[in-house]
Amino acid sequence: MTDLSLCEPERRILFHSAPLSQLSILSQRGAADAQLQARMPAITRQTPNCVLAVDAIRLRTLIRLGDDLWQADRVQPEALLNADPYLACREVSAAGGVVVNPKTMQVLLIHRNGLWDLPKGKLDLGETLEDCALREVREETGIRQLQRGPVLAATMHGYARKGEYHIKTTYWFRFQSGSNSFVPQGKEGITRVEWMHRHEAQDCLGYAGLRDLLERVGPVIEGRVRADAE
């Protein structure tokens, strides 16, 4: 039982990719010796897989083995939230920005609904990922002058909403700006926009997936910014 994705901590939901042929067995018996990996497999209509939502609170054990790997001794049938009858998870695409100040090497964070976050949002119909990232950074921070950069990485997380389970893939683009003029997007629950040094930002971010993102791309971002500035 592999390929589970650790969701954001306050949601307490894990996601598990399993063959459809095993769905009835998993629904009745659960599974033992599960390793929960933080990177989801590709989910397409062509693959004969189902994606199960798992209530982490109902797991007897959940041990962190590393940044991308957790382990449970058993996943009980009652911990499977969408297995019987099977309710397919909905896929959502989104994009966001890792904005760096080339002079101070700081990263831009937003304070949204009580947690520090990075600017991001769902893809609009007909919109490219790059345009989505640019729009979301501008809308959520109020910054107009942004230098675009390449896509850096993608993250995945899951969440429950109105009885459905969603798997969101967010594509992260690099941006540069030296602005200190911010307009937080209040209607999205954003109250503050601030520059922080990367390690401070990693400590402050309210989501494990974003802390891991900055850990992975931070050195690359800073190296590119320095090279661009020379």
Side-chain angles (χ1 to χ4, degrees), residues 5-11 38-40 67-68 92-124 127-159 161 166-225 228:
S5 176
L6 182 68
C7 186
E8 304 302 356
E10 75 279 3
R11 305 284 187 179
R39 292 189 175 93
M40 286 289 294
D67 289 341
D68 292 337
V92 179
S93 294
V98 180
V99 186
V100 179
N101 187 318
K103 294 182 179 179
T104 66
M105 306 304 296
Q106 292 175 305
V107 179
L108 194 68
L109 266 61
I110 60 174
H111 200 256
R112 186 202 322 256
N113 298 325
L115 294 172
W116 286 106
D117 199 353
L118 295 174
K120 64 184 186 298
K122 288 189 286 189
L123 194 68
D124 284 345
E127 190 175 38
T128 67
L129 289 166
E130 184 179 22
D131 287 344
C132 174
L134 179 64
R135 173 180 57 77
E136 290 291 342
V137 172
R138 284 177 169 171
E139 288 178 353
E140 295 188 347
T141 69
I143 295 178
R144 309 310 300 173
Q145 299 300 319
L146 288 162
Q147 180 181 336
R148 302 190 193 200
V151 64
L152 296 166
T155 58
M156 303 185 78
H157 74 277
Y159 56 94
R161 181 169 295 167
H166 300 71
I167 297 173
K168 180 186 286 186
T169 302
T170 304
Y171 297 87
W172 296 96
F173 289 80
R174 168 199 166 201
F175 292 96
Q176 288 182 213
S177 176
S179 177
N180 285 300
S181 178
F182 308 129
V183 182
Q185 191 178 23
K187 69 177 183 180
E188 292 293 326
I190 301 170
T191 56
R192 296 162 64 187
V193 180
E194 290 187 17
W195 293 110
M196 294 187 192
H197 292 289
R198 178 168 63 89
H199 293 293
E200 179 188 3
Q202 285 175 215
D203 291 338
C204 287
L205 282 166
Y207 303 99
L210 296 187
R211 293 194 293 271
D212 291 342
L213 172 70
L214 279 194
E215 179 70 27
R216 283 188 286 139
V217 307
V220 177
I221 282 283
E222 291 168 2
R224 285 178 176 171
V225 170
D228 291 347

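Applying the side-chain contact (heavy atoms from CB on, under 4.5 Å) rule to Q106 yields the partners T104, W195, H197; only residues at least two apart in sequence or on another chain are considered. For the ring pair (Phe, Tyr, Trp, His ring centres under 6.0 Å) test, residues two or more places apart in sequence or in another chain that qualify with H166 are Y159.
A distance of 10.0 Å separates CD in E136 from NZ in K122, rounded to the nearest 0.5 Å. Taken from CD in E139 to CD in Q185, the straight-line distance is 5.5 Å, to the nearest 0.5 Å. Residue F173 holds its CZ atom at 5.5 Å from CD of E130, rounded to the nearest 0.5 Å. Within the model, atoms OG of S179 and CD of Q145 stand 8.5 Å from one another, a figure rounded to the nearest 0.5 Å. Distance CD1/I221 to CZ/R216: 12.0 Å, rounded to 0.5 Å. Note that CG of N180 is 11.0 Å distant from CD of E194, once rounded to the nearest 0.5 Å.
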Might you work through the side-chain contact (heavy atoms from CB on, under 4.5 Å) test for R224 and L152, ending with a clear yes or no? CA-CA 11 Å; R224 285 178 176 171; L152 296 166; 3.5 Å; yes
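Judged purely by atom type and a 3.5 angstrom limit, T170 has no side-chain atom pairing as donor or acceptor with the backbone of T155.
Two residues are said to be in side-chain contact when any heavy atoms from C-beta on lie closer than 4.5 Å; Q147 and F175 fail this criterion. When side chains are defined from C-beta on, L118 counts as touching L109, because their heavy atoms get closer than 4.5 Å.
Of the residues listed (R112, R135, R192), the one engaging E140 in a salt bridge (Lys or Arg N to Asp or Glu O under 4.0 Å) is R112, and it is the only one.
Judged by the 6.0 Å and 45° rule, K120 forms a cation-pi pair with Y207.
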